[in-house]
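Below is one structure, written out as structure tokens, with a few remarks after it.
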Amino acid sequence: ETLDAAGLAILPGAIDVHVHFRDPGYDHKEDWESGTVAAAFGGVTTVFDMPNTVPTVDNPEALAQKHAIAASKAHVDYGLYAVLGESSLDHVETLADAGIIGFKLYMGNTFGRIASPSTGAMLELFEKVAPTGKRVSLHAETNSVMERRETALKAANRNAPLDHLASRPAVVAIEAVERAATLAEWTGARIHILHISSADELRPLADAKARGVDVTGETGPHYLMLGTDDYARFKGVIRVNPPVREASNQDPLWRALQSGLIDMVATDHAPHTPEEKQRENIWDVDCGFPGVETQMPLMLTAVAEGKLGFQDYVRVSSLAPARAFGLYPQKGVIAPGSDADFALVDLGAEWTLDDAQLHSRSRISPFDGRQVKGQVRHTIVRGRFIVRDGALVPDSKGTGRSVHAIQHMPEPRPLNRDKTLDAVTGKGEVL
Ligand code: DOR
Ligand code: ZN
Ligand code: ZN
């Protein structure tokens with residue numbers, strides 16, 4: 001097959017390590033077909049799906065069920081997460097061997113209400129996960145602080161003003177990042193900090209990296225491009241966990257992405273129906289919105305505006321996620337021997353994001369109406385067109401594959417305690 005790619009930029013397909021495709025259990029919000037079609041239209045060739053579906057993916061049977069559904073419907077490649085929690089304590093090794101891309105640990109409550117392990121349980125879970133080499137992606141918010149604050153807010157004002165949605169203090173994330181990093185350092189577990197929303201989380205992340213903790217981090221377009229000023233326009237639609245914060249957080253987040261302190265961009269694609277997003281009482285609105293389809297045009301617009309280098313975008317959207325989760329060099333790079341996963345993009349095309357045009361089942365987003373520059377024309381997964389000339393290729397359903405088989409995480413590293421002590425005491429002796 002030949003293709004006239006004149007005028008188009010060729011990028012390695014994006015790897016979105018954080019999507020919620022809702023299937024099984026909530027397929028009125030999204031399913032593996034609508035979710036992966038949305039991904040393909042967004043130039044995303046690999047997605048990692050979160051385990052807060054029904055049944056919760058915290059045991060081998062639920063994992064096998066989701067694997068079968070994804071295999072029958074996916075248009076792009078995918079990895080599946082399993083919950084790391086007390087409910088999966090006895091399944092850690094089995095799940096690791098059964099083809100997951102990584103574990104997900106909920107330090108705070110969010111959609112699906114998966115119980116957060118205590119610090120003691122987290123230590124035990126990290127000890128079990130470390131020898132498997134699998135990375136643990138963390139929803140890093142301290143449950144107790146978060147619940148107290150929001151319960152009080154709700155009690156005080158059921159019809160709270162919209163900016164209460166952003167009122168969760170960043171300290172719930174700072175504390176959680178610090179605690180997770182400490183436990184990772186102690187056990188040798190690899191971790192990934194999901195949805196970094198504030199400048200405040202950057203210090204504990206930098207501290208952990210400086211100590212040699214194997215930690216990566218992500219932020220999303222909504223934290224880079226939206227602020228509390230956008231609540232008035234988008235109301236409950238913008239409600240997400242963690243919340244979109246003051247716009248003053250955006251520049252530090254961009255700088256962290258540019259420098260590599262934040263390793264990657266991921267969307268937390270979290271579809272809900274328009275009814276679920278437009279409830280009168282803001283506390284009843286389901287959290288999150290679709291993002292997998294709009295990440296690339298939004299981020300390339302920011303590249304055109306000089307907020308991030310073009311090569312840096314390729315790094316944060318594809319190379320870094322592939323490396324962090326053991327898929328490099330088969331994915332995350334255009335090179336001989338790699339999977340041919342590409343997005344071909346018209347970098348000069350100016351257009352307007354429109355909810356009605358989204359391929360997600362959830363056609364409601366706080367990026368509706370935004371002017372962007374950069375449009376995906378073709379998406380190719382393992383050498384096969386999935387989107388061609390802006391249209392879905394027939395018979396691409398079910399061609400997506402689980403990527404766990406190509407995962408090769410490097411050997412787990414020895415525990416780092418002595419090195420830390422060296423750094424602190426200058427000689428590595430116990431104080
Ligand atoms: O806004 C969110 N939505 N944050 C999460 O952590 C979960 C997600 C969902 O599944 O809806
Ligand atoms: Zn989360
Ligand atoms: Zn999420």
Side-chain angles (χ1 to χ4, degrees), residues 16-31 35 39 47-58 66 79-85 101-117 135-143 146-147 150 165-166 168 170 172-173 176-177 180 191-198 201 217-223 226 231 234 236-245 264-277 279 282-292 295 321 360-362 364-367:
D16 190 337
V17 306
H18 189 168
V19 305
H20 298 264
F21 281 173
R22 307 293 192 211
D23 186 6
Y26 304 104
D27 56 3
H28 66 290
K29 296 175 189 275
E30 194 78 291
D31 71 6
V47 292
F48 298 171
D49 180 62
M50 287 295 172
N52 58 337
T53 38
V54 184
T56 304
V57 182
D58 60 2
K66 191 183 273 188
L80 303 182
Y81 281 107
V83 165
L84 188 66
I101 191 72
F103 285 97
K104 166 73 176 278
L105 191 147
Y106 288 85
M107 297 178 80
N109 270 331
T110 185
F111 183 76
R113 296 231 146 229
I114 290 166
S116 306
R135 198 171 288 278
V136 183
S137 290
L138 295 137
H139 180 103
E141 293 189 313
T142 300
N143 209 29
M146 188 173 99
E147 296 263 284
E150 290 191 355
L165 290 176
R168 184 182 311 156
V172 303
V177 173
I191 58 173
H192 173 70
I193 309 297
L194 299 161
H195 44 46
I196 294 171
S197 64
S198 68
E201 291 153 83
E218 71 177 43
T219 188
H222 44 297
Y223 303 118
L226 298 173
Y231 282 72
F234 288 105
V237 175
I238 207 170
R239 184 171 191 205
V240 60
N241 277 340
V244 166
R245 300 183 187 279
M264 63 194 88
V265 67
T267 67
D268 198 2
H269 177 87
H272 300 284
T273 65
E275 299 73 52
E276 292 161 340
K277 292 301 292 176
R279 289 180 180 140
I282 56 167
W283 298 111
D284 294 336
V285 171
D286 281 351
C287 292
F289 37 78
V292 74
Q295 179 269 110
S360 170
R361 202 156 280 170
S362 170
I364 184 159
S365 128
F367 292 113

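Both counts, for ligands and for their atoms, begin at 1 and track the order of listing. Reckoned from all heavy atoms, side chains included, excluding hydrogens, waters and symmetry mates. Predicted, not measured: the structure shown is a model, and the values here were computed from it.
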Study note, to complete from the structure: among protein heavy atoms, the one nearest atom 5 (C) of ligand 1 is T110 OG1, 3.1 Å

Review point. Going by the angle between their ring planes, with limits at 30° and 60°, are H195 and H18 parallel, tilted or perpendicular?
Key: tilted

Review point. Can you list the atoms of ligand 1 that are under 4.0 Å from a heavy atom of D268?
Key: 4 (N)

Practice item. In sequence, state the C-alpha distance, the side-chain angles, and the governing distance for E30 and S360, and then conclude on side-chain hydrogen bond (donor to acceptor under 3.5 Å, both in side chains). Key: CA-CA 7 Å; E30 194 78 291; S360 170; 2.8 Å; yes

Exercise for review: Run the numbers on N52 and R113 for side-chain hydrogen bond (donor to acceptor under 3.5 Å, both in side chains), then give the verdict.
Suggested key: CA-CA 8 Å; N52 58 337; R113 296 231 146 229; over 6 Å; no

Review point. Would H139 count as a contact for the Zn ion (ligand 3), in the sense that one of its N, O or S atoms lies under 2.8 Å from it?
Key: no

Practice item. Measure the shortest side-chain to side-chain distance between H192 and V17 over non-hydrogen atoms and say whether it is less than 4.5 angstrom. Key: yes

Review point. Considering only heavy atoms, does M50 approach ligand 1 within less than 4.0 Å through its side chain, its backbone, both, or neither?
Key: neither

Exercise for review: Using a strict 4.0 Å threshold on nitrogen-to-oxygen distance, state whether D286 and R279 make a salt bridge.
Suggested key: yes

Point to revise | Note: D27-R22 ion pair, threshold 4.0 Å (strictly below) | key: no

**Study point:** Basic-acidic side-chain contact under 4.0 Å: K66, D49
**Key:** yes

Check your understanding: Does at least one non-hydrogen atom of R22 fall below 4.0 angstrom from an atom of ligand 1?
Key -> yes

Practice item. Show your reasoning for whether side-chain contact (heavy atoms from CB on, under 4.5 Å) applies to T267 and V19. Key: CA-CA 7 Å; T267 67; V19 305; 4.3 Å; yes

**Study point:** Any N, O or S atom of H20 closer than 2.8 Å to the Zn ion (ligand 3)
**Key:** yes

Practice item. Using a strict 4.0 Å cut-off to heavy atoms of H139, name the atoms of ligand 1 that fall inside it. Key: 6 (O)

Check your understanding: How is the N/O/S atom of D268 that comes nearest to the Zn ion (ligand 3) named?
Key -> OD1

**Study point:** Mode of N52 contact toward ligand 1 - side chain, backbone, both, neither (heavy atoms, under 4.0 Å)
**Key:** side chain

Exercise for review: Could you tell me which atoms of ligand 1, counted from 1 in the order shown, lie closer than 4.0 angstrom to a heavy atom of A270?
Suggested key: 3 (N), 8 (C), 9 (C), 11 (O)

Practice item. Report yes if F111 has an N/O atom closer than 3.5 Å to an N/O atom of ligand 1; otherwise report no. Key: no

Exercise for review: Identify which one of V47, D31, L80, T53 satisfies the side-chain contact (heavy atoms from CB on, under 4.5 Å) criterion when paired with F21.
Suggested key: V47

Point to revise | Of the listed options C287, G112, P271, P243, closest to atom 2 (C) of ligand 1 (non-hydrogen atoms) | key: C287

Exercise for review: Apply the ring-ring contact (aromatic ring centres under 6.0 Å, His included) test between F289 and each candidate in H222, H269, H272, H20; give the one that qualifies.
Suggested key: H222

Review point. Any idea which atoms of ligand 1 are less than 4.0 Å away from a heavy-atom of G288?
Key: 1 (O)

Review point. Do any heavy atoms of H272 fall under 4.0 Å from ligand 1?
Key: yes

Review point. Just heavy atoms, cut-off under 4.0 Å: does N241 contact ligand 1 by side chain, backbone, both, or neither?
Key: both

